[in-house]
K.L.:
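Input: one structure, supplied below.
These figures come from a predicted structure and were not determined experimentally.
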Amino acid sequence: RMGEYERSRERGRDDSFETDPELLNKLKEALERVIPSLTARERRVMVHRFGFDEDFLTLKSLAKGWGITKERVRQIELGTVKKIRASFFQ
């Protein structure tokens with residue numbers, strides 16, 4: 001299901017978690033397991049790139065604010081997604 005979520009993110013925000021309480025609970029549990037292992041930067045990527053904050057930021061915006069490249073932000077985001085996915089399927 002996470003692959004489905006990632007594909008839908010390419011088209012815009014995904015509401016499937018809001019309509020599937022069981023999936024939402026599983027995601028919340030996965031996030032609770034993984035958050036302690038994330039770096040501060042990874043947590044900020046989660047907040048701003050995954051829509052946990054009203055300020056949904058682009059790779060470019062985050063890169064500019066942090067003084068790094070968009071590619072580096074994308075790498076951090078990918079690493080964060082991998083950690084969440086691993087925790088999600090535990």
Side-chain angles (χ1 to χ4, degrees):
R1 235 7 247 233
M2 279 302 269
E4 201 175 291
Y5 171 69
E6 289 167 358
R7 282 190 301 276
S8 68
R9 279 199 68 227
E10 294 171 5
R11 295 186 305 270
R13 292 190 75 152
D14 178 24
D15 296 328
S16 64
F17 291 124
E18 294 175 17
T19 60
D20 188 342
E22 184 178 329
L23 185 60
L24 181 59
N25 281 336
K26 191 170 182 177
L27 178 61
K28 284 180 181 179
E29 290 171 6
L31 290 172
E32 287 173 2
R33 284 191 301 269
V34 79
I35 284 174
S37 71
L38 298 177
T39 65
R41 191 172 268 179
E42 288 170 328
R43 284 191 296 274
R44 287 192 305 256
V45 165
M46 262 183 44
V47 167
H48 294 297
R49 292 289 296 154
F50 303 153
F52 293 118
D53 189 5
E54 290 183 20
D55 295 331
F56 186 82
L57 300 177
T58 63
L59 293 174
K60 185 178 181 178
S61 296
L62 287 171
K64 184 177 180 182
W66 293 343
I68 59 177
T69 65
K70 290 189 311 183
E71 176 60 18
R72 182 64 189 128
V73 176
R74 189 197 62 76
Q75 291 168 353
I76 294 167
E77 179 180 22
L78 180 60
T80 305
V81 169
K82 285 180 180 179
K83 288 180 182 181
I84 293 168
R85 182 181 292 133
S87 181
F88 187 79
F89 291 108
Q90 282 184 350

K.L.:
If we ignore hydrogens and angles and just use 3.5 Å, is the side chain of Ser37 paired with the main-chain N or O of Val34 as donor and acceptor?
P.N.:
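Yes, the answer is positive, given that a donor and an acceptor are paired below the 3.5 Å cut-off.
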K.L.:
Would Val73 end up clustered with Leu78 when hydrophobic side chains under 4.5 Å apart are linked, directly or stepwise?
P.N.:
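Not linked; separate clusters.
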K.L.:
Just to verify, what does Gln75 make a side chain to side chain contact (heavy atoms under 4.5 Å, CB included) with, not counting sequence neighbours?
P.N.:
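Result, side chain to side chain contact (heavy atoms under 4.5 Å, CB included) vs Gln75: Glu71, Arg72.
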K.L.:
Please identify which of these residues, Glu42, Arg43, Arg49, meets the side-chain contact (heavy atoms from CB on, under 4.5 Å) condition with Val45.
P.N.:
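By the side-chain contact (heavy atoms from CB on, under 4.5 Å) criterion, Val45 pairs with just one of Glu42, Arg43, Arg49: Arg49.
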K.L.:
Please give me the minimum heavy-atom distance between Ile68 and Arg41, naming the atom from each residue.
P.N.:
CD1-NH1, 4.0 Å
K.L.:
Does Leu59 share a hydrophobic cluster with Val81, counting links as ILVMFWY side-chain heavy atoms below 4.5 Å and allowing steps through other members?
P.N.:
no
K.L.:
Please check: side-chain N/O of Thr80 versus main-chain N/O of Ile76, any donor-acceptor pairing under 3.5 Å?
P.N.:
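Judged by distance alone, yes, a pair lies under 3.5 Å.
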K.L.:
Does a side-chain heavy-atom distance below 4.5 Å link Leu62 with Glu77?
P.N.:
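Counting from C-beta outward, Leu62 and Glu77 never come under 4.5 Å.
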